[in-house]
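To keep things clear, I will list the structure first and then write my remarks on it.
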Amino acid sequence: MQQRRSNRRRQPAKPKICRFCEAKVTYIDFKDAEILAKFQTEKGKITPRRITGTCPDHQKMLCEAIKRARVLSLVY
């Protein structure tokens, strides 16, 4: 027999706030490997916006910085 899911209601998701907007960052530097590593998975993939909560402008800067750091072998 199939089990039915309980009638629990999901709580509304807490809105994610861009940490770069909070810190008023205007440019994400590719040389700062510690920050860039936080936005990558163990395999080296860039984590998407919906997971990290970054805004579109900072996500674009973040992707470019990670890709530049990969070329210079600062980040894997």
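The structure displayed is predicted, hence computed values, not measured ones.
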- So does E22 have more than 12 non-hydrogen atoms from other groups sitting under 6.0 Å from CD? yes

- Message: What I'd like to find out is whether the side chain of R70 reaches to under 4.5 Å of the side chain of Q40, using heavy atoms alone.
- Response: yes

Ignoring hydrogens, what is the shortest heavy-atom contact between [X] and [Y]? Give both atom names and the distance.
X	Y	value
A65	I28	CB-O, 3.9 Å
L74	A33	O-CB, 4.0 Å
F30	L36	O-CD1, 3.4 Å

- side-chain contact (heavy atoms from CB on, under 4.5 Å) between V75 and R68, intermediate numbers included: CA-CA 9 Å; V75 179; R68 286 179 182 168; over 6 Å; no

Donor-acceptor contact present, side-chain [X] to main-chain [Y], <3.5 Å:
X	Y	value
R19	T52	no
H58	V25	yes
K16	R50	yes
T47	F39	yes

- Report the residues that fulfil side-chain contact (heavy atoms from CB on, under 4.5 Å) with I51, sequence neighbours left out, ordered by chain and then residue number. P48

How long is the span from the [atom1] atom in [X] to the [atom2] atom in [Y], to the nearest 0.5 Å?
X	Y	atom1	atom2	answer
L72	K67	CG	NZ	15.0 Å
C21	D57	SG	CG	7.5 Å
M61	D29	CE	CG	12.0 Å
L62	F20	CG	CZ	5.0 Å

